[in-house]
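FYI, side chains are in, hydrogens and waters are out, and symmetry mates aren't considered; it's all heavy atoms of this structure.
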Amino acid sequence: MLTAALTAGCGGSRASTGLTLGSILKRPGPNIAVTAGASDFSVGDVRYPFLVIAENAKPVERPAATVWVAKSRVSAPFARVTAKLEPIGIPGKSPPAFGGVTKIYVMHVKIPRPGRYWLVAEPNGARTQALGYMDVAARSRSVPLGAKAPRSATPTLATAPAAKITTSSPPDLPLLHTSIAQALAAHRPFVVTFATPRFCTSRTCGPVVDVMEAVRRQFASRGIDFMHVEPYKDDNPANGYNQWMRQWGLQTEPWVFVVGSDGRVKAKFEGSVSAAELSAAVRAHLL
């Protein structure tokens, strides 16, 4: 994971005037580093989940943060956006992420071309500034938006017992009935997460399987398949990622993909995703 950040679910991009990132960092309060919750960024609408961890090792959790984005640390920002604080997992049900983290900032910003971009995030009302950067590529490493989903013959309860194909406890049985290949062959829209409930240990690796199950129940009658695929060979991190992770070009987990009945990727989320974000994507692309 990068140690930088940017993102947000609300607020539009607009140019800042009379500022540089350096001048923002001179404001009162400590300067710290952003902790990024994703690393696969490509030109266009970039979703950037991130944490602001204070000097006392505790997360700064104001309802929103202002984020300035620039091409360098000494240049004027070309965008100023609002990052919204989203819950990690399902409040009241999911355990916190590593380090007791229960919320994460999410920002969206338009990035026009590949390169390294710098940002400063300032949680609203907090006297602290968090500096980070992100490397944006011309093309995503994972299956890109609009591309055909790989016909992965992922395991299901018809091919293996639950204990062999999920690390969820109790097993997330409703997410184990259909494979990606089956949904594609039937021309059914689906949502799939590549995630491991047992071995997820980073601060920003949230309980995405809980989110999947909550959103599945929300759309239970709408003809959408929801699936969970474990990322490691034989559910053992020491063995590295399995064939399905490689087929989808994934070098981190968790990931969530929203795929239409035409078999093309409509939306995707790296790292923690809230139920509200995923529900909005399902409504926008699959209904």
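- Counting non-hydrogen atoms of neighbouring residues, nucleotides and ligands closer than 6.0 angstrom, the NZ atom of Lys266 exceeds 12 such neighbours.
- Within a 6.0 Å radius of CZ in Arg27, more than 12 heavy atoms belonging to other residues, nucleotides or ligands are found.
- When each of Thr178, Ile180, Leu184 is checked for a side chain to side chain contact (heavy atoms under 4.5 Å, CB included) with Gln182, only Thr178 meets the rule.
- Within the structure, disulfide bond (SG atoms under 2.5 Å apart) pairs that include any residue of residues 59-130 do not occur (at least two apart or interchain).
- Dense packing is recorded around NZ of Lys148, with more than 12 heavy atoms of other residues, nucleotides or ligands lying under 6.0 Å away.
- Both cation-pi conditions hold for Lys71 and Tyr117: the charged atom is under 6.0 angstrom from the six-membered ring centre and inside a 45 degree cone around its axis.
- With hydrogens and angles left out, the side-chain atoms of Thr66 and Asn124 include a donor and acceptor closer than 3.5 Å.
- Less than 6.0 angstrom separates the ring centroid of Tyr232 from the ring centroid of Tyr241.
- Residue pairs satisfying the disulfide bond (SG atoms under 2.5 Å apart) criterion with at least one member in residues 247-287, sequence neighbours excluded, are absent.
- A donor-acceptor contact under 3.5 angstrom links the side chains of Glu230 and Thr167, judged on distance only.
- Of all heavy-atom pairs spanning Phe50 and Ala121, the tightest one is CE1-CB, 3.7 Å.
- Between the side chain of Arg80 and the backbone N or O of Trp68, no donor-acceptor pair lies under 3.5 Å.
- Of the N and O atoms on the side chains of Ser142 and Trp255, not one donor lies less than 3.5 Å from an acceptor on the other residue.
- Sorted by first and then second residue, the disulfide bond (SG atoms under 2.5 Å apart) pairs involving residues 182-287 (not counting sequence neighbours) are Cys200-Cys205.
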